[in-house]
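Below, chain A is the first sequence line, B the second, and so on; all start at residue 1. Just so we're clear, the structure is a prediction, and the values are computed from it rather than from any experiment.
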Amino acid sequence: MERAMAVQAARRWQGWLEERLGWDRVRMFLAHKEVPVHSGTAWYYFGGITLFLFGIQVATGILLLLYYRPTATEAYESVQFILTRVEFGWLIRSIHSWSANLMVLTAFIHMFSVAFLRGWRRPRELTWLSGILLLGLTLAFGFSGYLLPWNTTAYFATKVGTDLVGSVPLAGPALARFLRGGDEVTGATLTRFFGFHVAVLPALTTALLGLHLALVQRFGISTPPWLESRGDVPQMPFVPNFLLRELMAWYLALGVLGMLAALFPWPLGEKADPFAPAPAGIRPEWYFLAAFYTLKLLPSHIWVLESEQAGLIGLGLLALWWAALPFWGVRPDGHERTRLLTGTGVLLIAWLSTFSVLGYFK
Amino acid sequence: MPDNSRRALNFLLGSGIIASLASFLYPVAKFLRPPRVPEAPVNEVRVPGASQITPNTARIVKFGTRPVLLIRVNETKWRAFGATCTHLNCTVQYRSESQQIWCACHNGFYDLNGRVVSGPPPRPLDEFVVRARGDEVVIARRS
């Protein structure tokens, strides 16, 4: 009797919520959502893992905000305070740093897997483009967050990075001044980067991520064309089969993250001193190493351009070419430019990996 | 799968998830608690330039991390009180015209002994000892 009443009450609540929220449509949508099953299905998890790591960044970032102080006189000391005085502060900060790096890595893996599995084909061009922009935002998060502890490596990496922005033709000098909040990297730059890192970039990312995920829902997960043409590709229900597997992947990612953060706590380094010379062996974060090493190899002048200008134009064109993949990947007759795509993708991966390694060791 | 094995598996999975959630939440809860920053205990403070305080005026003096209201009642008589109102922690001020201590937040008044004259404050202000020798004025905690 009591049980029957409880069931009835629960139904009434469900009805009340349903009338106001219309969840039934979402439930119906999820019940019909499917994921293609084939030898490359595992690559589909990387987008979700990147999203999960973004969630970790938001959570640990909010925690760090409770103690961090964004001024040149206090930033380093406040991070030191987090590491030495706040309970588990070292762990939260280490997780934030490691998760940032893993997130860049999984975003790259996600991008290349989508490229090779042809997830960018019509009508998913905007999904691809929003993804590329999200990767750009992720790198901007990395660049702006790197300065926040106000240590020597971060200080000089930001000097070099913003100087490079200054060599962009036409708008460069104004853009560099805007980024630095003046002509030099100072406390004003730190406060600005803090604002970008905790307000501007999260707002942009949230909006773009919303669009990206909405588009993924609208068009579903793409099946590679070579399987599509064969027809009858086996499917797995998104709820619960794929979702539970994805959660397992998140759990695994969390395990790896926890292990890295605990065993290799992220170092803080020395406090930045604007009047000290740059120490030897200074280099940016690993995901900027390939570009950094390429610029290092260029001669001082190429044609009428200075080396940074030429390098930046070259790297910019390469990024544009890659972002435009959906528009050159398929010929007007509908056939794919398989060789061009594979060639570009493989060369890009080869360049990124070898130049990153060379940049690290040389 | 027999019911018992299913139940055992559910129990193991469920307790594993709960245990791992607890292991994530514990450090977060600990992190949220602000660490105690030890302060050197301050027992007395010398007030620089106290001779510039004219009779029937007052000045707020830093006593460790607390503000203390130092009042020069007349040429020789000084009084000092913790400057935080006992009502809701606002910092009080001295009103020369009424020779009272006033809290602007909720209109609380104290007399020159720190006792509540009117308004919402529930307790008198904390009193400090003032030792004045010539130009030198020292405020000390009451023992």
Would you find more than 12 non-hydrogen atoms of other residues, nucleotides or ligands less than 6.0 Å from [X] atom [atom1]?
X         : atom1 : result
Gln217(A) : CD    : yes
Met259(A) : CE    : yes
Phe264(A) : CZ    : no
Arg27(A)  : CZ    : yes
Trp43(A)  : CH2   : no
His38(A)  : NE2   : yes

| said: Are there residues of residues 18-35 of chain B whose heavy atoms fall under 4.5 Å of chain A's heavy atoms? If so, which? | reply: Ser20(B), Phe24(B), Tyr26(B), Pro27(B), Val28(B), Lys30(B), Phe31(B), Leu32(B), Arg33(B), Pro34(B), Pro35(B)

Enumerate, atom names and distances included, each donor-acceptor pair closer than 3.5 Å involving a side-chain atom of residues 41-48 of chain B, sequence neighbours excluded.
residue	atom	partner	partner atom	Å
Glu44(B)	OE1	Arg131(B)	NH2	2.7

| message | Can you tell me which portion of Ile92(A) sits under 4.5 Å from chain B's heavy atoms? Options are side chain, backbone, both or neither. | response | side chain

| task | May I ask you to decide if Val37(B)'s main-chain N or O and Arg85(A)'s side chain share a donor-acceptor pair within less than 3.5 Å? | result | no

